[in-house]
Amino acid sequence: MGATAKILLLGSGELGREFVISAKRLGAEVIACDSYANAPAMQVADGFEVFSMLDGEALGAAIEKHRPDLIVPEVEAIRTEVLKDYEDRGFTVVPSARATIMTMNRDRIREVAAQELGLRTSTYLYAETREEMRAAVEKVGLPCVVKPVMSSSGKGQSTVRSADAVDTAWDYAVAGMRGDRQRVIVEAFIPFDYEITLLTIRTRDGVLFCPPIGHRQERGDYQESWQPAAMSDSAIHAAQEMARAVVDNLGGYGLFGVEFFVVGDTVIFSELSPRPHDTGMVTLISQNLTEFDLHARAILGLPIPGITLHGPSASAVVLADRDSADFTVSGIADALRPAAPGVDLDVRIFNKPTTRPYRRMGVALALVRDGTVEDARAAARDAAAKITLTYR
Ligand SMILES: Nc1ncnc2c1ncn2[C@@H]1O[C@H](COP(=O)(O)OP(=O)(O)OP(=O)(O)O)[C@@H](O)[C@H]1O
Ligand SMILES: NCC(=O)N[C@@H]1O[C@H](COP(=O)([O-])[O-])[C@@H](O)[C@H]1O
Ligand SMILES: [Mg+2]
C-alpha cells in the first residue's frame, strides 16, 4: 500500500477517530481496534478488529496478524503486560509499554511522581478492604476522594464528606473498578482554584508544551474545557517542569495530557494520560496543530516547528441521558450559527452506535477572534445545548 507507517490503534473512541484522521493525512495506514463494531475510529480507518483490549490472547493475535510499525494505545484498559512482551520482541509501543503500565495503575504513577520524582501531590493512602479504607479515610482526613486504582473517566470515584459515607464510597469504587486488583486510592480533597491539562509532547528534538487548558469536571468526567487557562508565569513554569520530569521518566515519543490542580501559585500534580486527552479536544479549533496532529507527528518522527494558538477557544460536551440503540442527532445547523460576529464554531459528532446515561456523543468547539476565554466558553456551551438527541 506504500503507507508511511502501519499503526495498530488500541481503542477506537472519539480521540482515536481524530487521531486516525491526523495520521492518515500524513500517509499512515491505521487498523482500529475496540470491543464493539462500528466504533468512531473504525469508521475512518483502513481496517478494524473487534476484541476486548483486556483479552491478552486476542491482543497478541491482532499484533501478530498486522505486524504494525507502531502500536498506539487509545484507552487505558489494555492487557499492558502483552504490550511489554511485544516491545521486548522489537515492536514499538507508543509512547512505551512502561508508560502504559504505569498510567493504567494510579498507584504506580503516583509512586513515580510523589516518591521517585518528589513532585507535590495530594496526600494519599491505599486500601484493599472496607476496613482498610475506613482507617485510610481517618488518616487522610475529610473530605477525601476515593478512586479505584484502575479506572478512568471518573468511574467508581466519589468524594467522602462524612464518616457515614465510607461504606457507600467503597461499594461504589468496587462496582466501578476494572481489572483484577481490588484496590483504591484515598486522596485528600484539594480545594483547588482551578485545574488544568498541560499537553506535553515528547519528541526526538526535545519536549514541547501547548498553552494550558482549563476544564470543569462533573462526576469525574469533563464537561467543558478552554484555552488558554489564565495562569501566572511562575505557575506555568512549575507545571512545565513537573510535566517534563514525568514524561522524561516514562520515556518514548508522543503527546501526554498532564493534569494539575492549582491553589494560588501552588501547582499540584494529579495524573496523566500517555496519549491525547479528552479536555484537549479544544485544540481541534484553537491551534495550528491539534493534539492529534501533534501525537501523530511525534510518533512518526516528524518535525514540530511551532505550536500557535489562534485565540481564546473552548469545547463543551454533548451527553446522552439514557440507554438506546435507536436515536438521531439534530440541531447541528443551529449549533453552527454564531450568535455574534467574530466567533468560529464547529462540532464533532462521534457517531457512537449506542447511547447510555452521560455517554459523550459529541463536542461543540468555539474560537473567538476578538474576545475572552469566557466568551468562547459561553459560545461553546450555547452551541452544545443546540444539539439534541432524540430517542425512538
Ligand atoms: N484529590 C482531589 N481533590 C479534588 N478534586 C479531585 C481530586 N481528585 C480528582 N478530583 C476531581 O475529579 C476529576 C477526575 O479525577 P481523575 O482525573 O483522577 O479521574 P479519572 O477517572 O482518571 O479521569 P480521566 O480518565 O477523565 O482523566 C479531576 O479532574 C478533579 O476535578
Ligand atoms: N477520559 C478518557 C476518554 O475520554 N477516552 C475517550 O473516550 C472513549 C470511550 O468512550 P465510551 O465510553 O463512550 O465508549 C475512548 O475510546 C477515548 O476516545
Ligand atoms: Mg483525569
Side-chain angles (χ1 to χ4, degrees), residues 9-20 32-36 38-42 53 72-78 103-106 109-110 120-125 140-161 173 176-178 184-197 213-225 256-263 268-281 291-292 315 317-320 323 348 350-363:
L9 182 69
L10 303 178
S12 293
E14 53 270 43
L15 304 181
R17 180 180 175 100
E18 293 297 333
F19 169 77
V20 173
C33 309
D34 211 321
S35 58
Y36 64 99
N38 207 23
M42 292 177 188
M53 312 291 102
V72 180
E74 194 260 358
V75 287
E76 253 174 37
I78 296 179
T103 52
M104 187 168 94
N105 300 282
R106 291 185 200 280
I109 188 64
R110 185 54 69 102
R120 186 190 289 266
T121 66
S122 58
T123 313
Y124 62 93
L125 283 173
V140 168
L142 293 172
C144 59
V145 183
V146 175
K147 308 171 199 176
V149 292
M150 271 188 174
S151 76
S152 65
S153 295
K155 292 194 183 81
Q157 174 181 327
S158 63
T159 302
V160 177
R161 297 184 186 278
M177 71 180 51
R178 96 169 99 68
V184 301
I185 183 167
V186 178
E187 291 185 17
F189 180 88
I190 310 272
F192 53 80
D193 297 330
Y194 59 95
E195 59 180 320
I196 63 150
T197 302
I213 295 169
H215 52 91
R216 186 175 61 79
Q217 307 257 335
E218 269 173 35
R219 301 169 303 276
D221 207 13
Y222 122 88
Q223 306 300 302
E224 48 167 342
S225 68
F256 301 72
V258 190
E259 300 176 26
F260 296 97
F261 303 131
V262 186
V263 190
I268 300 157
F269 171 82
S270 173
E271 58 152 13
L272 83 158
S273 66
R275 58 180 156 269
H277 199 271
D278 51 8
T279 62
M281 281 193 279
E291 63 168 342
F292 309 100
S315 77
V317 302
V318 176
L319 303 179
D323 289 298
R348 294 290 184 276
F350 308 146
N351 269 343
K352 293 182 184 179
T354 59
T355 64
R356 60 168 187 266
Y358 300 120
R359 191 174 201 189
R360 201 191 299 137
M361 305 305 289
V363 68

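These numbers come from the heavy atoms of this one structure, side chains and all, not from hydrogens, waters or symmetry mates. Residue indices begin at 1 and follow the sequence shown. Whatever order the structure lists ligands and atoms in, that order sets their numbers, starting from 1. Everything numeric here is computed off the predicted structure, so don't read it as measured data.
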Side chains of [X] and [Y]: does their closest heavy-atom pair fall under 4.5 Å?
| X | Y | answer |
| --- | --- | --- |
| F19 | L9 | yes |
| R348 | M281 | no |
| T354 | D323 | no |
| F192 | I268 | no |

What protein heavy atom sits nearest [atom], and how far off is it?
| atom | value |
| --- | --- |
| atom 3 (N) of ligand 1 | I190 N, 2.8 Å |
| atom 14 (C) of ligand 1 | Q157 OE1, 3.5 Å |
| atom 6 (C) of ligand 1 | F261 CZ, 3.7 Å |
| atom 5 (N) of ligand 1 | F192 CE2, 3.5 Å |
| atom 17 (O) of ligand 1 | E271 OE2, 2.7 Å |
| atom 25 (O) of ligand 1 | S153 N, 2.8 Å |
| atom 21 (O) of ligand 1 | G154 N, 2.7 Å |

For ligand 1, find out whether one of its N or O atoms is nearer than 3.5 Å to an N or O atom of [X].
| X | result |
| --- | --- |
| K147 | yes |
| S122 | no |
| F189 | no |
| E187 | yes |
| E195 | yes |

When rounded to the nearest 0.5 angstrom, what is the spacing between [atom1] in [X] and [atom2] in [Y]?
| X | Y | atom1 | atom2 | value |
| --- | --- | --- | --- | --- |
| R161 | L142 | CZ | CG | 10.0 Å |
| M42 | N351 | CE | CG | 13.5 Å |
| F261 | I196 | CZ | CD1 | 11.0 Å |
| Q223 | R360 | CD | CZ | 9.0 Å |

Report summary line: Scanning both residues in full, the closest heavy-atom pair of R17 with A41 reads N-CB, 3.5 Å
Report task. Can you see which heavy atom on T197 is nearest to which on H277, and at what distance? Result ->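 For T197 versus H277, the nearest heavy atoms are OG1-CE1, 3.6 Å.
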Query raised in the report: So is A188 in contact with ligand 1, going by heavy-atom distances below 4.0 Å?
Result: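 Within the 4.0 Å threshold, so yes.
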Query raised in the report: Contact between R106 and ligand 1, counting heavy atoms under 4.0 Å?
Result: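 Checking ligand 1 against R106, which is what was asked, there is a heavy-atom contact under 4.0 Å.
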Query - Residue shell around ligand 2, heavy atom under 4.0 angstrom - result: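 Near ligand 2, by chain and number: G13, E14, L15, E74, V75, S153, D278, K352, R356, R359, R360.
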Report task. Just let me know how V145 lines up against ligand 1, side chain, backbone, both or neither, with a heavy-atom cut-off below 4.0 Å. Result -> side chain
Report task. Check E76 against ligand 1 and report side chain, backbone, both or neither, counting heavy atoms closer than 4.0 Å. Result -> neither
Query raised in the report: Judged by atom type as modelled, is there a donor-acceptor pair below 3.5 Å linking the side chain of E18 to the main-chain atoms of F292?
Result: no
Query - Contacts of the Mg ion (ligand 3) with protein N/O/S atoms, counting only those under 2.8 Å - result: E259 OE1, E259 OE2, E271 OE2
